J.: 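Sending over a structure as structure tokens; questions will come in a sec.
Worth saying up front: this structure is predicted, and the values here are computed from it rather than measured.
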Amino acid sequence: MKTDIINQQGAVVKSFNLPEEVFGLSWNADLVHQVVTSMMSSARSNVAHAKDRSEVRGGGKKPWKQKGTGRARHGSTRSPIWVGGGKAHGPRNDKNYDRKVNKKMKVKALFTILSKKFKDNEILFVDSLGLSTPKTKDAKAILTSFGGMKGFERMSTKKVNTALFALNDKNNAVEKSFQNFGNISIAEVRSLNPVDVLNYKYLVVVNPEESIKTLSGKMIASLDEKTENVEAK
């Protein structure tokens, strides 16, 4: 699989062979859905909390005697059927939303999404951004150049979740240059995950020769981990 590598002005500088195991997979909606929903569930913050009858203040005294009044039996005015009582089956902040996702599944889902984006012409491979010092003006020029390319016109016009820039190494100059753009996010290739990649329309891979090696290493690491677990059993 061959693809073009461009510079920051959008001009093609050379070609590059992409690994089939990363960018040549067929779409697997079931796998992607399972992994993404599990990751989003695990990242969920428990905020909402309703008090049950044991947490509501008051209600310690029996409202009236058990028999002889002609009324229904009640033991507390903080029962869920009373006004001001506790909530039955309400949201709890101690509920555990964590879901386990096997590392191999997460990596396979990431590669499946990358393959889909590559087929849909939503990935750019850039040799270097050329930002040695933080400068928003230069970052804007880069986005404008990319927006002039066929298929990437929305790079310079889309208001939210426009592009995710994947760097092989941390680069403070690049991060600070793009930090004023709310529709752009910067991440390292080694920390890419299915949720982040799906959240953005475009993916820009910087220094693809080294970045692709890092991505390929994710699958090798997951296979090695599986082998170690099998041998341990």
J.: Would a distance-only check, ignoring hydrogens and angles, find a side-chain to backbone donor-acceptor pair under 3.5 Å from S45 to V47?
T.: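 Such a contact is absent between S45 side chain and V47 backbone.
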
J.: Donor-acceptor pair, distance only, cut-off 3.5 Å: does the side chain of W27 make one with the backbone of S115?
T.: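 No, because the side chain of W27 does not come within donor-acceptor range (under 3.5 Å) of the backbone of S115.
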
J.: When you compare the side chain of Q8 with that of D138, does any pair of heavy atoms fall below 4.5 Å?
T.: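 Contact flag for D138/Q8 side chains = no.
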
J.: Is the closest side-chain heavy-atom distance between L131 and I142 below 4.5 Å?
T.: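 Counting from C-beta outward, L131 and I142 do come under 4.5 Å.
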
J.: Any side-chain heavy atom of L18 within less than 4.5 Å of one from K2?
T.: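 Sidechains of K2 and L18: no contact.
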
J.: Let me see the working for I184 and T162 under side-chain contact (heavy atoms from CB on, under 4.5 Å), right down to the final yes or no.
T.: CA-CA 6 Å; I184 303 295; T162 304; 4.1 Å; yes

J.: Short question: side chain of D4, backbone of V12 - any donor-acceptor pair under 3.5 Å?
T.: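 Judged by distance alone, no pair lies under 3.5 Å.
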
J.: For a quick test of reading the model, state the closest non-hydrogen atom pair linking V205 to S211 and the distance between them.
T.: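 Looking at all heavy atoms of both residues, the shortest contact is CG1-CB, 3.7 Å.
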
J.: Looking only at non-hydrogen atoms, find the nearest pair between K150 and N121 and report the distance.
T.: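 Heavy atoms of K150 and N121 come nearest at O-ND2, 3.8 Å.
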
J.: Identify whether I186 and L124 are in the same connected component of the hydrophobic contact network (ILVMFWY, side-chain heavy atoms under 4.5 Å).
T.: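 I186 and L124: one cluster.
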
J.: Would you kindly say whether N28 and T112 are connected by a side-chain donor-acceptor distance under 3.5 Å?
T.: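 No pair is found: no donor N or O on one side chain lies under 3.5 Å from an acceptor on the other.
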
J.: Could you give me the CA-CA distance, side-chain angles and deciding distance for K14 and E209, then say whether side-chain contact (heavy atoms from CB on, under 4.5 Å) is met?
T.: CA-CA 11 Å; K14 56 183 173 180; E209 290 95 337; 2.7 Å; yes

J.: Please determine whether side-chain contact (heavy atoms from CB on, under 4.5 Å) holds for the pair D127 and I6, giving the CA-CA distance in whole Å, both sets of side-chain angles, and the decisive distance to 0.1 Å.
T.: CA-CA 6 Å; D127 60 348; I6 63 173; over 6 Å; no

J.: How far does CD of Q66 sit from NE2 of H74, to the nearest 0.5 angstrom?
T.: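 So the gap between those two atoms works out to 10.5 Å.
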
J.: Could you check whether atom NZ of K176 has more than 12 heavy atoms from other residues, nucleotides or ligands sitting under 6.0 Å from it?
T.: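 Atom NZ in K176 is not packed in, count stays at 12 or less.
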
J.: Can you see which heavy atom on F146 is nearest to which on N7, and at what distance?
T.: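 F146 and N7 have their closest heavy atoms at CE2-O, 3.7 Å.
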
J.: Count I, L, V, M, F, W, Y as connected when their side-chain heavy atoms are under 4.5 Å apart, and connections chain through other members. Are L167 and L215 then in the same cluster?
T.: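 No; tracing contacts between hydrophobic side chains, which count when under 4.5 Å, never links both residues.
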
J.: For M40, look at atom CE and say whether over 12 heavy atoms of other residues, nucleotides or ligands are found less than 6.0 Å away.
T.: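 It does not: M40 CE has 12 such atoms or fewer within range.
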
J.: CG of L164 to OG of S185: how many Å apart, nearest 0.5 Å?
T.: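 Result: 5.5 Å between the selected atoms.
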
J.: Is it true that M149 and I123 fall in one hydrophobic cluster, defined by side-chain heavy atoms closer than 4.5 Å?
T.: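 Looking at the clustering, I123 is in a separate group from M149.
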
J.: If we only count heavy atoms from C-beta on, is the V36 to L198 side-chain gap below 4.5 Å?
T.: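 Side-chain contact under 4.5 Å: yes.
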
J.: Do other residues, nucleotides or ligands put more than 12 heavy atoms under 6.0 Å from R73 CZ?
T.: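 Atom CZ in R73 is not packed in, count stays at 12 or less.
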
J.: Any idea which heavy atoms bring E21 and F111 closest together, and the distance?
T.: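 So the two residues come closest at O-CD1, 3.4 Å.
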
J.: Is the closest side-chain heavy-atom distance between N172 and P134 below 4.5 Å?
T.: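 Answer no - side chains too far apart.
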
J.: Would a line drawn from the ring center of F16 to the ring center of F125 be shorter than 6.0 Å?
T.: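 For F16 and F125, the ring centres are not under 6.0 Å apart.
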
J.: What's the separation between atom CG in L143 and atom OG in S156, rounded to the nearest 0.5 Å?
T.: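 Here the rounded value is 7.5 Å.
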
J.: With under 30° as parallel and over 60° as perpendicular, where do the rings of Y202 and F152 fit, or are they tilted in between?
T.: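 The arrangement is tilted - the two ring planes meet at 30° to 60°.
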
J.: If you look at every heavy atom in A166 and L192, which pair is closest and at what distance?
T.: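 Taking A166 first and L192 second, the nearest heavy atoms are CB-CD1, 4.1 Å.
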
J.: Going hydrophobic residue to hydrophobic residue with side-chain gaps under 4.5 angstrom, can you get from L129 over to L203?
T.: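 Different clusters: L129 never reaches L203 through Ile, Leu, Val, Met, Phe, Trp or Tyr contacts under 4.5 Å.
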
J.: Would you name the heavy atoms of N183 and K159 that are closest together and state the gap between them?
T.: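 Closest approach of N183 to K159: CB-O, 3.1 Å.
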
J.: Would you check if there is a donor-acceptor pair between the side chains of K100 and N102 at a distance under 3.5 Å?
T.: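 Yes - a donor-acceptor pair under 3.5 Å links their side chains.
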
J.: So, the side chain of S79 versus the backbone of S76: is there a donor-acceptor pair under 3.5 Å, distance only?
T.: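 No: the side chain of S79 does not pair with the backbone of S76.
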
J.: To the nearest 0.5 Å, what is the distance between OG (S42) and CZ (R99)?
T.: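 Atom-to-atom, S42:OG and R99:CZ are 8.0 Å apart.
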
J.: May I ask you to check whether F181 and F165 place their ring centres under 6.0 Å from each other?
T.: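 No: the rings miss the under 6.0 Å criterion.
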
J.: Would you indicate whether the side-chain heavy atoms of P19 and I212 approach each other to under 4.5 Å?
T.: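 Sidechains of P19 and I212: in contact.
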
J.: Is there a donor in the side chain of D196 and an acceptor in the side chain of N199, or the other way round, less than 3.5 Å apart?
T.: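 No pair is found: no donor N or O on one side chain lies under 3.5 Å from an acceptor on the other.
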
J.: Go through the side-chain N and O atoms of N168 and T214 and say whether any donor and acceptor fall under 3.5 Å apart.
T.: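 Indeed, the side chains of N168 and T214 share at least one donor-acceptor pair under 3.5 Å.
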
J.: Check the surroundings of atom NZ in K62: do more than 12 heavy atoms from other residues, nucleotides or ligands lie under 6.0 Å from it?
T.: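 Yes, because the 6.0 Å sphere around NZ of K62 holds more than 12 heavy atoms from other groups.
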
J.: Atom CD in Q34, atom CG in D30: separation rounded to 0.5 Å?
T.: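 Going from CD on Q34 over to CG on D30, the span is 8.5 Å.
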
J.: Below 4.0 angstrom, N of the basic side chain to O of the carboxylate: do E55 and K87 qualify?
T.: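 The answer is no: the pair does not qualify as a salt bridge.
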
J.: Any side-chain heavy-atom pair from V126 and I5 closer than 4.5 angstrom?
T.: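 V126 vs I5: side chains apart.
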
J.: Check whether any side-chain heavy atom of N17 sits under 4.5 Å from a side-chain heavy atom of T3, and report yes or no.
T.: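 A side-chain contact under 4.5 Å is absent here.
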
J.: Would you say V22 and V35 are hydrophobically clustered, going by side-chain heavy atoms of ILVMFWY under 4.5 Å?
T.: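 Yes, it is one cluster - the side chains of V22 and V35 are joined through contacts under 4.5 Å.
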
J.: Once you round to the nearest 0.5 Å, how far does CZ of F178 lie from NZ of K135?
T.: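 If I round to the nearest 0.5 Å, the distance is 14.0 Å.
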
J.: Answer yes or no: does atom NE2 of H49 have more than 12 heavy-atom neighbours from other residues, nucleotides or ligands under 6.0 Å?
T.: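 Correct, the count exceeds 12.
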
J.: Closer than 4.0 angstrom, basic N to acidic O: yes or no for E122 and K201?
T.: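 So E122 pairs with K201 through a salt bridge.
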
J.: Show your reasoning for whether side-chain contact (heavy atoms from CB on, under 4.5 Å) applies to N193 and L110.
T.: CA-CA 6 Å; N193 63 76; L110 173 62; 5.8 Å; no

